[in-house]
Every structure is written in C-alpha cells, then in structure tokens.
Undergrad: 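If you scroll down you'll find the structure; I have some questions about it.
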Amino acid sequence: KTLRLGSCVISTNLQKIQSTFSEIRDSVQAEDRNIDTRILSKSLSLQDTEPSDQCCLLRRVLRLYLERVFKNYQTSDPHTLRKISSLANSFLTILKDLRLCHDRKTCHCGEEAAEKYGQILSHFEELAPQAAVVKTLGELDIFLQWLEETS
Amino acid sequence: EDKPNLLQHVRFQSWNFENILTWESGPDSTQDTVYSVEYKVYGKKPWLAKEGCQQITRQSCNLTAETSNLTELYYYAQVTATSPGGQTTKKRSTRFNLLQDTAIKQPDVTCVPKVSSVQVVIHPTFTPIRGQDGRPQTLQDIFQDLLYRLQLQVNHTYAMHLEGKQKEYEFFGLTPDTEFLGNVVIFIPNWYKKSAPYVCRVKTLPDRTWTYS
Amino acid sequence: DGVAVLPAPQNLSVHSTNMKHILTWSPVVVPGQTIYYSVQYQGEYESLYLSHMWIPSHWDSPIAKPECDVTDDITATVWYNFRVSATLGSQTSAWSILEHPFNRNSTVLTPPKTEVTKDGSHMVIELEDLGPHLEFNVVYWRSEPDAEERSKLIKNGGISVHLQTMEPGAKYCAKAQTLVKAIERRSAFSRVECVEVEGEALPL
C-alpha cells in the first residue's frame, strides 16, 4: 500500500496491521468504559488535512502510539502481548520511513498539523492515564481507516 | 438479590451493509421476556431507541437504516430484556465498524457457454447505503479497490485465472462440448474481505461447423 | 532453588530462507537427561522503548530440540533479538542472547521449482509451494525473434495455473521468480522451460 502524504510517499502493509489489530480489537475496545467520547475525532482526520501537513501529523500520532500507548498498555495475556509487539514494530517501521521524508525536508510541520495534534493530545490528556491508553489503542482501527483513506 | 440473566450474545451480523442486531435469550428468560433496542454512534453521547424494536419478543432487529452513514463508521447497540416480573438485563454489543465488519455475499453472475469459450458477466451488487446524491451505492462505489477473481477449472489438474475490476470476462481456447466449473469471488484487498464464491457448472456448445478438406 | 547451575545454550543463530526463519543453538548436553529450552524475542520497538521486556515466542511450551521456527514471531521489517535458556527439572540456565540482531530483509530468496506442461493447446505452469509469505512473478513468451514477454502474478504455489493458449507449430517458454512484498525483494529467475505444440503453423 502506498501512502501519499503531500510530497512524502511511503509504502506500508496496512492489511497486515489491520488483521493483527482485528485479533485483539474486541477485547481492547471492551476495556474502554467511556464510549461517549472519542480521541481521534472525525474533524481531526488525516485525510481531511492539508497534504503538506499530513506527514507531520502522521509522525506525531505514530509517536503518541509508540511512546505513550503501546508502551503503557498493560496485559498479562501472551497472545495480546505478541500482537501489541507486532503493531508497535510495524508502526516503528512507518515512523522510520517518515524520518527519511523529514530528512529530505518533505515532512513540514505547519499550523494545521500542530493544531490538530494539539487537540488529539488534549483529548488524550483529559482522561485518566490508563483510560487514555486503552481508548487510544481501541481507536487503532479509526487510525488505520485514516491511513487507508490517505492512500 | 441475584440479577437475572435474561439475555446474552448481543452482536451485529452484517452482509453487504445489511446490519442486523441479534441476541440470544439468557438462562433466566421465558417466552414472555420482551426486548428493547437502542443504538448510538461511538464518541457521541445519546443512546437512541430503535423504533419498531421496543418491547419485542423476537431476538433480532434490523438496524441498517440507523447504522449506514459512511461518515459515522463506528456504532454500538444495546438490548434491555425485561421479564414479566419487571426484572431487567441490559447487554451491549461490541463496537461495530461499518466498513470492517460487513461480510460480502457471493456476487450475482451469469455464465454464458459458447463453442470454444465461456463468457462470465458480473452484475453490480447494490447496498442499502445511499450516496450524497441519494442514489443507492454499489459495493464498487464504496470499496474503490474491489476486484473480481475468476477461475475456470479446466480438468482435474489445472485452472484458468482471470482478475480485474471490469464486469465482463471470457475464457478462450476451450474444447467444445465439454463441462467446466467456474468460480467467481469478490475480493477487497484493503479490508482483507473475500466473498463466498459464486459457482457455475457450464458445458461448451458442440462444434457444428463443417470442415471441407 | 533453581540456581543457574545448568550452562546456557551457546552459538545462537538464525537461518532464514524464503521468509522462513529458524533459530538454532548448540544443545546443552546432560547425559541421560532431556533438556528443555525456552525462547523469547524482542523487536526493535521493545529494545528502544521497553528494553526490559522480552516476549515469549509463540511456541509457548518449552522445546526439546535445539531449534525453533520463529517465523510467526517476526512480523515487521525491523531488527529482532532472541534469547534462549535451558531447563532441567528445577534447574534453569542463564539466558543466552543472539549475538547479532536479525532482520527479515536478509532472508535468502531462491527461485521456485517450476514445471511447464501443455494440455492440448494450453500452456500450464506448476510452481513449488514455498509458504504463505511468498508470491511468484511468471514471465512467459512465444519463442521467436523480438518476442513480447508477458508476466503473470501468482499468489500461491502448489497449484497448476494456465498461462496462455498456444498456436500449433510454435514454441513457448516461461521462467519464474519469487516475490516478497513485505521486504520489497525478489529472487533470481528459475531456469527457462519451453513447450511446443505439434502441427503446422496456421496459414496467415
């Protein structure tokens, strides 16, 4: 799958990530007690972001997952642990590809990216830490849908 | 006081965006237990009562109209079961992802045998989902990467394969007056979706052309 | 109290061919006893963000042989570390860690074995089944000057696939290579195989 983020173009295996997440989706989403709110709101979506800002927004959301979600999600189930590891290492691969765009100056951080990521972060930080981790992980299919529509 | 278990396995079952909520009676339910259904968009507050599925005795409810908005892809439903004595059990579905959780029915296909070929015509599959212009959407309108995979089993050893987005295909170079087994599948790569196969058994026509030597 | 008396397994290494990755090590030998081994892994993510965390290989139960198929543990194109420990009764050895991390993009890709046959005027190819991670690019042409090469992507091996309908009196050839999208690599081509349809070429 080719993701076109402005002038940054990378390829990634969304199907594989999608099918990995689907194995733990129901159990993770069942832990989300507060279904009246949503962290990755529709108005903040990647596909409705200025192409020139898409790469930067994607990088920041990936780092949110890597640094604050996968890292802090607690599970004792080995199967879930393996799936989380697979997702995290796949996200790391995408982030490394985006770093190449950043090095080539094709991953500009404009106002829109900063504004949207700021809102995502404030939604995240409004919740108790573990609740935020569980909700954001449960919204991974929303994030993948964003990537799908950006490709 | 022990809570009665009047209800279990509340879940969405979806085929080509026809979204049906189903559930099963619980160990404590009786013939007179009634059920009421509510639904909501994930991330929004209100639970909305589903008209036509209040105080019903059947164990399914068609939520297609309420859950067919391609801009609001994530839904929940919940069922409240009430026993004649007024006791209740409320259970919620898992989060329903409209695009991911709908299964694809087998395609609508016509196989047309000829003398040395078999033509395959695939008819569009319409869904309950309407576009912004109000027109019913086909699966192809919704899934841009949808493609068809066709296979014609020639004999027990090998098969011919065709694949594409168009609606008409033809397998050429076949032996006249011979039986073949055709198989057509809808494949949506992005969502890892594959329909049940449409299978047709066809026999090529006898070759009645006269050869003058 | 299970103090590490047992020696740790040595010489860990990963052998990877066609996206099948096998971790091997030198066996720990205690005469007359069966030694069991536990395998754990760490992806590049874990080594960067959660360095204390090691994940049990999907072969949860201890292994009696000094090798482990870690194909299903390696699900991204990043560096992976592995460690193995030996167990005998209540004794457990220290962990032994793979000297150099492994990345699946270093897997050895071999061309598939092929068999090109004909059924009447139909050209058919059968490809070796090399597992779920591999696809095949088959290139085929009519053997004549300035022949146009055509190619067909075949998703899995082990089945016979029709390539084209042939004309009498002409020779047709094919070759195949292994493709792995996940690491964006392909193998060398297999040797060329040809078939010919008897009879005279049709008048123009």
Side-chain angles (χ1 to χ4, degrees), chain A residues 1-3 9-24 59-100 129-130 133 136-137 140 144 147 151, chain C residues 14 19 21 23 38-63 68-83 98 101-107 131-135 153 155-156 179-186:
Chain A
K1 172 71 65 187
T2 301
L3 297 186
V9 181
I10 62 169
S11 66
T12 181
N13 192 341
L14 283 188
Q15 276 169 33
K16 177 67 182 156
I17 299 172
Q18 192 104 292
S19 75
T20 301
F21 179 65
S22 65
E23 291 189 52
I24 57 171
R59 267 186 95 211
R60 292 189 173 175
V61 177
L62 285 169
R63 284 217 306 262
L64 177 70
Y65 272 97
L66 290 169
E67 294 163 10
R68 303 182 67 171
V69 177
F70 296 133
K71 187 174 180 183
N72 298 311
Y73 180 71
Q74 288 151 15
T75 179
S76 53
D77 170 44
H79 173 71
T80 304
L81 193 61
R82 271 195 288 275
K83 296 305 153 189
I84 299 282
S85 171
S86 179
L87 292 167
N89 281 287
S90 298
F91 272 36
L92 183 64
T93 307
I94 301 174
L95 189 64
K96 286 164 89 177
D97 288 344
L98 292 178
R99 199 163 287 150
L100 299 177
Q130 201 49 38
V133 163
T136 314
L137 183 59
L140 203 135
L144 292 175
L147 293 178
S151 60
Chain C
V14 177
M19 292 296 268
H21 322 303
L23 175 69
S38 295
V39 175
Q40 296 183 344
Y41 68 92
Q42 199 181 57
E44 194 171 334
Y45 172 74
E46 285 77 22
S47 59
L48 288 171
Y49 292 88
L50 291 162
S51 54
H52 63 283
M53 176 185 283
W54 287 84
I55 300 166
S57 167
H58 69 289
W59 299 102
D60 290 340
S61 52
I63 311 156
C68 175
D69 182 338
V70 294
T71 304
D72 290 343
D73 296 326
I74 298 173
T75 58
T77 308
V78 293
W79 297 102
Y80 279 82
N81 281 314
F82 287 91
R83 69 179 187 179
L98 186 64
F102 170 76
N103 189 317
R104 66 181 182 178
N105 59 16
S106 64
T107 192
H133 300 285
L134 274 64
E135 295 176 329
L153 177 69
K155 299 277 183 190
N156 31 46
L179 292 182
V180 183
K181 281 190 195 148
I183 57 173
E184 296 175 353
R185 279 186 49 211
R186 51 187 65 211

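A, B, ... follow the sequence lines: proteins, then strands. Residue 1 opens every chain.
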Undergrad: May I have the step-by-step check of side chain to side chain contact (heavy atoms under 4.5 Å, CB included) for E184(C) and S11(A), ending in yes or no?
TA: CA-CA 10 Å; E184(C) 296 175 353; S11(A) 66; 2.7 Å; yes
Undergrad: Can you measure from CG (L50(C)) to CD1 (I84(A)) and round to the nearest 0.5 angstrom?
TA: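 L50(C) atom CG to I84(A) atom CD1 measures 11.0 Å (nearest 0.5 Å).
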Undergrad: Name the region of F91(A), side chain, backbone, both or neither, that has any atom closer than 4.5 Å to a heavy atom of chain C.
TA: neither
Undergrad: L66(A) versus chain C, heavy atoms under 4.5 Å apart: side chain, backbone, both or neither?
TA: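 Looking at L66(A), backbone and side chain both touch chain C.
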Undergrad: Which atoms of Q42(C) come close to chain A, meaning under 4.5 Å heavy atom to heavy atom: side chain ones, backbone ones, both, or neither?
TA: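 The answer is neither part of Q42(C).
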Undergrad: Does L87(A) offer a backbone N or O that forms a donor-acceptor pair with the side chain of Y45(C) under 3.5 Å?
TA: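 No, the answer is negative, given that no donor and acceptor are paired below the 3.5 Å cut-off.
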Undergrad: Do E46(C) and F70(A) touch side chain to side chain, with heavy atoms closer than 4.5 Å?
TA: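 No, their side chains stay 4.5 Å or more apart.
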Undergrad: If you take all heavy atoms of E44(C) and N89(A), which pair is closest and at what distance?
TA: N-OD1, 3.1 Å
Undergrad: Select one option (side chain, backbone, both, neither) describing which atoms of I74(C) are under 4.5 Å from chain A's heavy atoms.
TA: neither
Undergrad: As an exercise: rank N13(A), L81(A), T12(A) by heavy-atom pairs under 4.5 Å with chain C and give me the winner.
TA: L81(A)
Undergrad: Could you give me the CA-CA distance, side-chain angles and deciding distance for T20(A) and T75(C), then say whether side chain to side chain contact (heavy atoms under 4.5 Å, CB included) is met?
TA: CA-CA 10 Å; T20(A) 301; T75(C) 58; 6.0 Å; no
Undergrad: How many angstroms lie between NZ in K16(A) and NZ in K181(C), if you round to the nearest 0.5 Å?
TA: 14.5 Å
Undergrad: What pair of heavy atoms forms the shortest contact from V78(C) to T93(A), and how long is it?
TA: CG1-OG1, 3.3 Å
Undergrad: Does any heavy atom of chain A fall under 4.5 Å from the side chain of D72(C), the backbone, both, or neither of them?
TA: neither
Undergrad: Looking at CG of L92(A) and OG1 of T77(C), how far apart are the two atoms once the value is rounded to the nearest 0.5 Å?
TA: 11.0 Å
